[in-house]
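So the structure is just underneath, and the comments pick up after that.
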Amino acid sequence: MDINVRMRSQVQVIQLRGALRMGPAVDALRQTLEELIANGDTRIVMNLSEVPMVDSSAIGLLVRFLAMIKEKGGNLKLAQPSKFAVQTLRLVGLLKLFETFESDEAAVESFA
Amino acid sequence: MSAEPGDGAQHGKLSELFDRSVAADAEAIATVVDTISQTLVQLGVPEQKRFEIALAAQEALANAVVHGCGNDPTKQVRCQLQADPQGRILICVTDPGPGFSEDHVPDPKQQERMYADHGRGVYLIRQLMDEVRFERPGNEIRMWKY
């Protein structure tokens, strides 16, 4: 799992590449999110265009951080989720919890 | 070949494609799942079906590691991949744990469980696969994709 974080218009954009599943991938994403929140960054976009698998441990991580970030007045939004990421989130009834966008730009602009 | 009489009667003779025991470790099971995906590509299984089988295998193996082995990498989980003459796929995952009762699996779509950080694996498997059975005492899962 490759994780690349960059700031765009006061929004942190996380680009993920690879399967997001139990083990090093989920652990690395958890650490990334914890570091962002510790720095006071609660406006976050996660690009899932190159994530072919999102397992239940990753889903648990995403919803836990979504709740935590919203409590702090921010949001965690999804950009370009792959069709299988969308299918998985829909299967467990959680797609509706996330705002999703067709591009990083649209997701970033939605925070304005 | 390790089909049970019931499986044989219902699905015909099974061909073994893959049988591997690995350490109860997240990276080891990821390798197994990736190997299953590659095997399905070689069999010409369509992408959608491959995704559903691979994610179900990931969930079953993760459950085996966490619940069946207590995240102890000195223990092992076994994964078998088989196909019947009609191209239907069977995956069996076995762990050395005491097993569990399906009755205790909550519905993750209940409002009060929306933000829970666990408890979706078995639900996902049931959504992704066509037939799912836990063998007594619950430490082996057999799941079919038609």
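Side chains are part of it too, since the values below use all heavy atoms of this structure and drop only hydrogens, waters and symmetry mates.
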Would a single hydrophobic cluster contain both B/V41 and A/F84, if residues Ile, Leu, Val, Met, Phe, Trp and Tyr are joined by side-chain heavy-atom contacts under 4.5 Å?
no

Under a 4.5 Å side-chain heavy-atom rule over Ile, Leu, Val, Met, Phe, Trp and Tyr, are A/I14 and A/M7 clustered together?
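A/I14 and A/M7: separate clusters.
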
Would you please name every residue forming a ring pair (Phe, Tyr, Trp, His ring centres under 6.0 Å) with A/F98, sequence neighbours left out?
none

Under 4.5 Å from any heavy atom of chain A, what part of B/L124 do you find: side chain, backbone, both or neither?
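The side chain, not the backbone.
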
Considering all heavy atoms, the nearest [X]-[Y] contact:
X      : Y     : value
B/D95  : B/G97 : OD1-N, 2.8 Å
B/A116 : A/V63 : O-CG2, 3.5 Å
B/L128 : B/A56 : CD1-N, 3.8 Å
A/E50  : A/P52 : O-CD, 3.5 Å
B/K49  : B/G87 : NZ-O, 3.9 Å

Most contacts with chain B, counted as non-hydrogen pairs under 4.5 angstrom, among A/G60, A/S57, A/A19:
A/G60

Any salt bridge linking B/E131 with B/R142? Criterion: basic side-chain nitrogen under 4.0 Å from a carboxylate oxygen.
no

Charged N-O contact under 4.0 Å between A/D2 and A/R17:
yes

From CZ (A/R21) to CG (A/D55), nearest 0.5 Å
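The CZ atom of A/R21 sits 8.0 Å away from the CG atom of A/D55.
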
Cation-pi check, A/K77 to A/F101: give yes when NZ or CZ is under 6.0 Å from the six-membered ring centre and within 45° of the ring axis, no otherwise.
no

Is A/P81 close to A/M46 at the side-chain level, that is, under 4.5 Å between some pair of heavy atoms?
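The answer is no, as the side chains (C-beta and beyond) never meet within the 4.5 Å cut-off.
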
Between A/L62 and chain B, with a heavy-atom cut-off of 4.5 Å, which part of the residue counts as in contact: side chain, backbone, both or neither?
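Nothing of A/L62, per the 4.5 Å heavy-atom cut-off to chain B.
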
A/L91, part contacting chain B, at a heavy-atom distance under 4.5 Å
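Contact with chain B: backbone and side chain both.
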
Heavy-atom contacts under 4.5 Å, residues 57-71 of chain B to chain A
B/Q58, B/E59, B/A62, B/V65, B/V66

Inter-chain contacts: residues 18-27 of chain B against chain A, heavy atoms under 4.5 Å
B/A26, B/E27

Which residues in residues 22-45 of chain A have any heavy atom lying under 4.5 Å from a heavy atom of chain B?
A/M22, A/G23, A/P24

Can you establish whether the number of heavy atoms outside A/K83 located under 6.0 Å from its atom NZ is more than 12?
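Yes - once you tally the heavy atoms of other residues, nucleotides and ligands closer than 6.0 Å, there are more than 12.
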
Option from A/T88, A/L20, A/L78 for which side-chain contact (heavy atoms from CB on, under 4.5 Å) with A/V51 holds:
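One option only clears the test, and that one is A/L20.
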
